[in-house]
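Here the structure is a predicted model, which is why all the values come from computation and not from measurement. Computed from heavy atoms alone, side chains included, the values below leave out hydrogens, waters and symmetry copies.
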Amino acid sequence: MSNDTFSLGFPPIIAVKFPGNQMFRMYTMKKLSVVVLLILPAVLVLTAALLHDAQGPYWISYNSDPEYLYLLNSLALTEFRQAGTTGNPGTTLQILGAITLKISHALNLSGNDSLAFAVLRNPEYYLTVINIVLVTLNALLLFVLGLVTFHFTKSIWLSLLLQLSPFLSDTMLTNGLPRVSPEPLLLFTGLLFVWTLLIMTYDNTISKSSHWYMIILALISGFGAATKLTFIPLLIIPLLVLPKWRHKIGFLFLTGLSFILWTWPIASQYKALWNWYYKILTHTGYYGLGTPGITDAGIYLQNIVDMFLRNPLFFLILFFSAGFVLTFGLPFAGKEKATKINPWQDIFFRILAAATSAQLLAVLLVAKHYTDRYLLPVMSLSGFMLFLVFAYLRRVDYFSRVNMKKLAMIVGIMLVIGGAWRMIGIKNVFMQNLHIREEALAVNQILENEYKGYLKISIYRCSSPVCALAFGNFYINNALYSESLQKIYGNAYFFNGLNNGANGSFHTWTRVFPVDNIILSGHKDKIILQGSPLRYLGDTIASRAGLMLNLRDLFGGEYETIYAVADCKRTHETRRQLRSEILETTDFDFSTHPRQR
């Protein structure tokens, strides 16, 4: 079999003679390629639907952060109101969310409610619409990326290899598909970045058009960094690939301008963001906490080990690409005599080396404060890196010296093993999400059926619609929609311990909630609390007036549970007399409600 016959192009079935002329055969091949290249985008949409179904409503505790933060951020943006920031910065998602809210509300002709009222009354609908938009953008771009790759390579296999990018990591699927968070938009931006680099590799006039690539890559990079700063390691690729220093400097300058453009909605909070980023950089703990210092050496090394154990396929591709670059690129090993070219003069090889460097840089940065999703932007490069390896070998005619049948068999076996591995990983995530969903729904059903007459206090971030809205409204959005939420949902009671652990605060939609008065007046047996288990706090919480509440777990859930107040004791005297209007107990009538079981 000749190399031209195999050619990493269409399967052998395409080589059969079709009836008719050459034009008909070409048309048939193109039509079949479109069908084949639709498969993986369709699988992406199906996977997103399955994962979304398994995780359940966005108001479930593990789903509400950052979904409800971004929902109310986006709503505030539609009204040109100053909202808070998640610190990602995440403004690109806010902008996309605001546009989606406006359009979806305009197309919803079922009522005459204002946009704010409609979103606050039915937040799950609008979150689902935003997620559909994110998934659709990724699926369409994945399909276009396949078509563009086939246009350049005339190889269905190389096109499919590049389309595998989102499927090479559980993180990209579980964080990049069912959520309303920066991660789906980061996946989209990473694929857009890859698309630009792909066109760049096949541009025969790159020396004349470098300034255009400088501008396009800068716009994308600014967009990605404004979505989440974890995109920054990708900036090293244009810096290494763009040919002249003026292009590199111009790229950095334009990236800065693009970042400012996309983050302009939170321009007034630049100083707060900078202070927070500085704390993250100069403290060993997450989110700027912990002891002062760049990093803890022991934790840093352990994080690298954990990274490898949790993302083995990502590291295997990284090590393979790094080994390939060293083998072909080092002066004593790399210049393939058969090719008679310097690999560093080949744009494919240079981009591969730059992408490998970006992934290595990301690993070193993320190891300081490791979380899988922080690697997502560079994970989107893995499929492209494999593509570059095979495309480069094809360009230097390397395959003419190897047994193509054996190579195809090895690659096929690796793909089968990798696919099975990925399916097992997705299944595990699916089952875990399903368990969290079922437990949360069971807790809400029990509260509805058995504790209907009790005063329910939602512990941030418990699995309930009102608690998810309260979290989005109070945590970073300065209580913008408290009055509206009070009108829509009536009285609701919360305990916020997110920043202070057990020493949190009790509040309603609009004011401080004096739980001390209720308990001291003998009504503690008529109070129910819902939230994530507080075993790490010894099942205790403290009120602002000095009462330590010992809680009794009535459900024993792993992710969601129900608490009653077992007993209480005053740990210190009230530091100051609360205002009488705040000390009013509540509007809740205890006289008509049953005692606790």
Side-chain angles (χ1 to χ4, degrees), residues 65-66 69-70 73 82-94 171 175 181-183 186 189 221-237 239 249 251-253 255-260 262-308 310-311 357-379 460 475-478 496-504 536:
D65 182 10
L69 300 177
Y70 277 106
N73 279 163
Q82 180 62 59
T85 172
T86 60
N88 291 315
T91 45
T92 53
L93 181 58
Q94 294 177 31
T171 300
N175 285 283
S181 68
E183 279 67 33
L186 281 175
T189 311
S221 298
F223 183 93
T227 301
K228 200 165 187 175
L229 291 184
T230 52
F231 191 86
I232 285 180
L234 275 74
L235 272 60
I236 196 175
I237 298 176
L239 290 177
I249 296 172
F251 166 76
L252 288 176
F253 176 74
T255 297
L257 288 182
S258 176
F259 178 84
I260 292 173
W262 291 111
T263 58
W264 193 251
I266 58 167
S268 63
Q269 301 180 59
Y270 279 169
K271 183 177 180 180
L273 280 176
W274 168 254
N275 290 335
W276 189 50
Y277 295 149
Y278 180 77
K279 287 183 179 180
I280 292 174
L281 180 64
T282 58
H283 288 72
T284 59
Y286 285 82
Y287 308 120
L289 303 177
T291 58
I294 299 300
T295 189
D296 183 305
I299 295 176
Y300 187 85
L301 293 175
Q302 184 59 50
N303 283 343
I304 290 180
V305 173
D306 291 342
M307 251 189 281
F308 177 80
R310 290 176 60 88
N311 303 280
S357 301
Q359 288 197 339
L360 286 170
L361 176 62
V363 168
L364 295 176
L365 292 176
V366 170
K368 174 179 168 66
H369 299 140
Y370 168 54
T371 299
D372 283 338
R373 64 181 180 272
Y374 293 167
L375 288 172
L376 189 145
V378 292
M379 284 178 172
Y460 279 23
Y475 194 55
I476 64 169
N477 283 302
N478 306 317
N496 179 8
L498 290 179
N499 293 326
N500 299 305
N503 299 303
Y536 70 102

Over all atoms of both residues, closest heavy-atom pair of Pro233 and Val378: CB-CG1, 4.1 Å
Closest approach of Ile232 to Ala225 (non-hydrogen atoms, all atoms of both residues): CG1-CB, 4.5 Å
Flag if over 12 foreign heavy atoms under 6.0 Å of OH, Tyr277: yes
Nearest-0.5 Å distance that lies between atom CG in Asn73 and atom CD1 in Ile266: 9.0 Å
Euclidean distance, Trp262 CH2 relative to Leu93 CG, rounded to 0.5 Å: 12.0 Å
Rounded distance (nearest 0.5 Å) linking atom OG1 of Thr91 with atom CZ of Phe259: 7.0 Å
Distance, nearest 0.5 Å, that separates CE of Met307 from CD of Gln302: 10.5 Å
For Pro182, the option from Thr230, Thr227, Leu229 that meets side-chain contact (heavy atoms from CB on, under 4.5 Å): Thr227
For Asp372, side chain to side chain donor-acceptor pair (under 3.5 Å) partners two or more places apart: Arg310, Asn311, Tyr370
Non-hydrogen side-chain atoms of Ile260 and Trp264 separated by less than 4.5 Å: yes
Separation of Ile299 CD1 from His369 NE2 (nearest 0.5 Å): 8.5 Å
Side-chain atoms of residues 287-295: list all donor-acceptor pairs with protein atoms under 3.5 Å, sequence neighbours left out, distances to 0.1 Å.
residue	atom	partner	partner atom	Å
Thr291	OG1	Thr284	OG1	3.1

For the student: nearest non-hydrogen atoms of Gly224 and Leu186, plus distance: O-CD2, 3.8 Å
Heavy-atom side-chain contact between Asp65 and Leu69 under 4.5 Å: yes
Other residues, nucleotides, ligands: >12 heavy atoms within 6.0 Å of Lys279 NZ: no
Over 12 non-hydrogen atoms of neighbours within 6.0 angstrom of OH in Tyr278: no
Under 3.5 Å donor-acceptor, Tyr300 side chain and Leu364 backbone: yes
Side chain to side chain donor-acceptor pair (under 3.5 Å) partners of Glu183, counting only residues at least two apart: Ser181, Lys228
Side-chain H-bond candidate by donor/acceptor type, Tyr70 with Asn88, under 3.5 Å: yes
Nearest-0.5 Å distance that lies between atom CG in Leu234 and atom CG in Leu239: 11.5 Å
Heavy-atom pair with the smallest gap, counting every atom of Ala226 and Thr92: CB-CG2, 4.0 Å
Thr255 and Ser221: side chain donor to acceptor below 3.5 Å: no
